[in-house]
Amino acid sequence: LKRYFQQDFIDLPLPTAAMRVAVAASFTLVGVVLQGCSKHSSPSPSPGPSPSPPGPSPPGPSPGPAPGPSYLCSSLDDKCVQCSAACGDRMSLDGAEFLEGVDLTARRLGGCECEICQQGHTVKDGKCQLADSTAPLVFYAYYAKDDEEYAFANQDAASALGVIEYIHREVAGTIACEPKGDRPAQPCKRHYCIDRIHRQKITMYNPKEVYATRKGQFGPWNSFDKAMCNPPEACTKRWEQYGYNVGCMKNTYDPPFNITPLSGGNYYDFPGACPEKDYMSKDKSCIASSPGGQCDNPDGSRNCTWSAEDAGYIMLDELVGITELKRLDGSSTYRDFHDWCTDVSDPSNINPDAISWKGDYPGGEWDKKTTPENPGKKSLPFWDNPGDYDADMARAQALQDLFKKKFPDSPRLPEPVCDY
């Protein structure tokens, strides 16, 4: 039990981690009781602009882990994050998870091996060993978008905290869905018409040149706009030096949204074919000469560094609590942001500074004049306390909890460390 509570901190807010430490300590006092469980072995343990469209109630309790193959398997290997399905079923006792049976040697002989190791380690002969080069990583990347469908490539994405920070800074409180193509400006919709957070399950295996330069798993990061890497000259030098690597950047200081080194999320970039041109200018010649890093089975070669598997999306309105608010006349709850905005404000005015919001939240979704020193007008509580570490982590956890609620069979993956 101690091992479980001490290992599984990576995607949890600090208060929860502290609680687990306290609970782990308490179990030392009741070890005689736990001896009755001897049939069980000890348990173990996505922002920015999209390529086509521009741009990328308080949190509730976590619904808990989903059933499926065991991935809390430090009883086999303390550096292992996810074990193979052959490791057997799990059973639950008061929220702690146990591998059934105690014959771990037999399980390993029967095909029970580690599939995903902690960052900086790699699977060799079914066990985790310290990596001496880049190694495969599997993690989730999140990005904010509208309802337009497009392929995931040549764009930025983020960790759960990173995408929350992006939306807080760029989207919440800005009522301006700009014209795009044949689509006119749309009043009472968020910036860029963003209404959801999409998630991709990423498998990354960067070229060895990345590790040789900085002894890390990630390479340098660049922003993508309209599916083009910027600035193009710097991007070209990057591909020449490292291959089409996946990069990361730690968003460590961006007041008032994060004001300490702890509070910044990760930003990632994913170079696809012809990253030096925007999505309107890519042609067969460019695609052939600049193939990018996207491939089916990343192997660490310069042109095969990452793959993405669609892992679903959640609606932003449900996350922030708009769909739980009642209409001014009390007749029903709101369908979405547009429904709420048109009920409590002047729907013809897209200037957020001029909108007069009626009802319980005169600041609308979030008053952009809010700072740690100036509380601003009362807004949706989800966005309260910008720059507060615990509040930021609670928002990120709420995002992960909603994904788990919507997709209960999705695996729980550790968030990688941005080591560039």
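Residues: numbered from 1 along the sequence shown. All values below were derived from every heavy atom in this structure, side-chain atoms included, with hydrogens, water molecules and symmetry-related copies excluded. For clarity, every value in this text was computed on a predicted model and none was experimentally measured.
Atom CG of Asn297 has 12 or fewer heavy atoms from other residues, nucleotides or ligands within 6.0 Å. Within a 6.0 Å radius of OH in Tyr313, no more than 12 heavy atoms belonging to other residues, nucleotides or ligands are found. Summarising the local packing, CG of Asp283 is surrounded by more than 12 heavy atoms from other residues, nucleotides or ligands at distances under 6.0 Å.
The disulfide bond (SG atoms under 2.5 Å apart) contacts involving residues 211-245 comprise Cys229-Cys235, where partners must be two or more places apart or lie in separate chains. Pairs engaging residues 387-420 under the disulfide bond (SG atoms under 2.5 Å apart) rule: Cys248-Cys418 [sequence neighbours left out].
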### Task
Test side-chain contact (heavy atoms from CB on, under 4.5 Å) on Ile322 and Asp336 and set out the steps.
CA-CA 7 Å; Ile322 288 174; Asp336 53 27; 6.0 Å; no

### Task
Would you please test Ile314 and Arg196 for side-chain contact (heavy atoms from CB on, under 4.5 Å) and show each step?
CA-CA 6 Å; Ile314 58 95; Arg196 66 198 66 195; over 6 Å; no

#### Entry: Derivation and outcome, salt bridge (charged side-chain N to carboxylate O under 4.0 Å, His left out), residues Asp339 and Arg327
CA-CA 9 Å; Asp339 190 26; Arg327 305 182 68 83; 2.8 Å; yes

### Query
What do the steps show when you test Tyr267 against Tyr166 for ring-ring contact (aromatic ring centres under 6.0 Å, His included), and what is the final call?
CA-CA 10 Å; Tyr267 288 175; Tyr166 167 76; 7.6 Å; no

### Query
Asp156 and Trp221: side-chain contact (heavy atoms from CB on, under 4.5 Å), yes or no, with the steps?
CA-CA 9 Å; Asp156 302 313; Trp221 178 91; 3.6 Å; yes

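Contacts of Tyr211 classified as ring-ring contact (aromatic ring centres under 6.0 Å, His included), with partners at least two apart in sequence or in another chain: none.
Shown here for Pro271 and Trp239, the closest heavy-atom pair between the two residues is CB-CH2, 3.5 Å. Across every non-hydrogen atom of Asp147 and Asp195, the tightest pair is N-OD1, 4.1 Å. Considering all non-hydrogen atoms of both residues, Glu209 and Thr213 come closest at O-OG1, 3.0 Å. The shortest heavy-atom contact between Thr323 and Thr333 is O-CB, 3.5 Å. For the pair Trp383 and Pro386, the tightest heavy-atom approach, listed with the atom from each and the gap, is O-CD, 4.1 Å. Smallest separation of non-hydrogen atoms from Ala273 and Ile287: CB-CG2, 3.9 Å.
Ring-centre distance between Tyr140 and Phe403: not below the 6.0 Å cut-off. Note: Phe152 and Tyr143 meet the aromatic proximity criterion, with ring centroids under 6.0 Å apart. Aromatic ring centres of Phe218 and Tyr268: separated by under 6.0 Å.
Put simply, SG on Cys177 and CD1 on Ile194 are 9.5 Å apart, with the number rounded to the nearest 0.5 Å.
Ion pairing of Lys180 with Asp146 is present here, as a side-chain N (NZ or NE/NH1/NH2) and a carboxylate O approach within less than 4.0 Å. Ion pairing between a basic and an acidic side chain is recognised when a charged N comes within 4.0 Å of a carboxylate O; Arg395 and Asp392 show such pairing. Taking 4.0 Å as the cut-off between side-chain N and carboxylate O, Glu318 and Lys406 count as a salt-bridged pair. Using a 4.0 Å cut-off between a side-chain N of Lys or Arg and a carboxylate O of Asp or Glu, Arg190 and Asp317 qualify as a salt bridge. A salt bridge links Asp269 to Arg238: at least one charged side-chain nitrogen sits closer than 4.0 Å to a carboxylate oxygen. Salt bridge absent: Asp310 and Arg199 never bring a charged side-chain N and a carboxylate O closer than 4.0 Å.
A heavy-atom distance below 4.5 Å is found between the side chains of Ser290 and Glu276. Side-chain contact between Phe224 and Asn230 is absent, with no heavy atoms from C-beta onward closer than 4.5 Å.
A donor-acceptor pair under 3.5 Å is absent between the side-chain atoms of Ser159 and the main chain of Gly265, judged by distance alone. Counting only distance, with no hydrogens or angles, the side chain of Thr305 and the backbone of Tyr244 share a donor-acceptor pair below 3.5 Å.
In this pair, Trp357 and Trp340 present their aromatic rings tilted. The plane angle is within the 30 to 60° band.
Checking Glu365 against Ser379 by side-chain atom types alone, no donor-acceptor pair falls below 3.5 Å. Side-chain atoms of Tyr334 and Asp343 form a donor-acceptor pair, as typed in the model, at a separation below 3.5 Å. No side-chain donor from either of His338 and Gln186 sits under 3.5 Å from a side-chain acceptor of the other.
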